[in-house]
Amino acid sequence: MSRIAACRCGRLRATVTGEPVRVSVCHCHACQQRTGSAFSWQARWPERQVAVEGEAQTWQREGDEGGTCTYRFCPNCGSTVFYTNQGTEGLIAIPLGAMAGQDQPAPRFSVYEERLQPWLAVLGEDVEHME
């Protein structure tokens, strides 16, 4: 199985094969800012299962745990298509909203829940929850 993540203008794409090794939602403030939403929804694939087409700009920030997050986004429309995190070398994270309209697996992890918006219902019991 393959899926395609793309920016809004279509100039930057990442094609993934196989199933992700982790699917999560994150409630940290940085993810809320990046998505413009109450949380982010992403999956990680081994880098050997990801093929990138197009030009990407990068932006880095220090994560809450002290590691570096490196975001790759389209220089034309600004959409983040994939990113990497220090400490999870060899894995590429893809915001699943970039795969709009395609069947996506449900998250199994919900992280930074101490920053969860109070009106947001938390995922079910089969999801690992972390403050």
Side-chain angles (χ1 to χ4, degrees):
M1 169 185 273
S2 68
R3 296 178 180 101
I4 299 171
C7 65
R8 289 183 295 174
C9 72
R11 293 182 183 182
L12 179 59
R13 300 162 52 101
T15 301
V16 299
T17 56
E19 293 302 315
V21 297
R22 180 182 169 112
V23 180
S24 62
V25 293
C26 180
H27 305 278
C28 80
H29 294 148
C31 281
Q32 290 178 27
Q33 287 180 312
R34 179 178 57 81
T35 64
S37 184
F39 58 90
S40 64
W41 175 41
Q42 57 278 321
R44 296 179 188 164
W45 277 267
E47 60 186 14
R48 70 182 177 281
Q49 291 176 233
V50 181
V52 175
E53 300 172 60
E55 177 186 350
Q57 293 278 11
T58 62
W59 181 74
Q60 292 185 324
R61 72 169 183 87
E62 184 176 318
D64 290 351
E65 312 280 320
T68 301
C69 303
T70 303
Y71 298 92
R72 274 71 169 202
F73 59 94
C74 175
N76 185 57
C77 69
S79 302
T80 300
V81 176
F82 62 101
Y83 61 96
T84 54
N85 291 311
Q86 186 178 17
T88 59
E89 285 77 8
L91 295 176
I92 294 177
I94 296 183
L96 291 175
M99 295 182 178
Q102 299 171 62
D103 186 32
Q104 299 303 326
R108 304 293 296 166
F109 300 91
S110 179
V111 299
Y112 290 104
E113 287 189 343
E114 74 273 5
R115 298 177 190 162
L116 184 138
Q117 295 297 318
W119 49 263
L120 185 65
V122 180
L123 301 168
E125 295 175 11
D126 59 339
V127 174
E128 183 178 330
H129 299 272
M130 299 171 62
E131 292 293 317

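Residues forming a side-chain contact (heavy atoms from CB on, under 4.5 Å) with Ser37 (at least two apart in sequence, or on another chain): Thr35. For Arg34, the side chain to side chain donor-acceptor pair (under 3.5 Å) criterion is met by no residue, not counting sequence neighbours. In this view, Gln33 satisfies the side-chain contact (heavy atoms from CB on, under 4.5 Å) rule with no residue, not counting sequence neighbours. Listed by chain and residue number, Met1, Val16, Glu19, Pro20, Trp45, Met99, Gln102, Gln104, Pro105 satisfy the side-chain contact (heavy atoms from CB on, under 4.5 Å) test with Arg3 (two or more places apart in sequence, or in another chain). Residues satisfying the side chain to side chain donor-acceptor pair (under 3.5 Å) criterion with Thr15, sequence neighbours excluded, are absent altogether. For Arg11, the side chain to side chain donor-acceptor pair (under 3.5 Å) partners are Asn76, not counting sequence neighbours.
What you find for Ala38 and Gln117 is that their closest heavy atoms are CB-CG, 3.8 Å. In plain terms, the two heavy atoms of Cys9 and Cys77 that are nearest each other are N-SG, 3.6 Å.
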Show me the donor-acceptor pairs, under 3.5 Å and distance only, between side chains in residues 21-28 and residues at least two apart or in other chains.
from, atom 1, to, atom 2, distance (Å)
Ser24, OG, Gln42, NE2, 3.0
His27, NE2, Ser110, OG, 3.0

Would you list the atom pairs, donor with acceptor, under 3.5 Å between side chains in residues 87-97 and any protein atom, with sequence neighbours excluded?
from, atom 1, to, atom 2, distance (Å)
Thr88, OG1, Asn85, O, 3.0
Glu89, OE1, Gly87, N, 3.1
Glu89, OE2, Gly87, N, 3.1

Per-pair distances, 0.1 Å, donor-acceptor, side chain in residues 47-58, under 3.5 Å, sequence neighbours excluded:
from, atom 1, to, atom 2, distance (Å)
Gln49, NE2, Thr17, O, 2.5

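Applying the 4.5 Å side-chain rule to ILVMFWY residues, one finds Tyr71, Phe73, Tyr83 in the same cluster as Trp59.
In the model, Arg72 has a side-chain atom that pairs as donor or acceptor with a side-chain atom of Thr84 under 3.5 Å. Between Thr70 and Gln60, the side chains place a donor N or O and an acceptor N or O closer than 3.5 Å (distance only, hydrogens not considered).
Under a cut-off of 6.0 angstrom, the local environment of CZ in Arg61 is crowded, with over 12 non-hydrogen atoms contributed by other residues, nucleotides or ligands.
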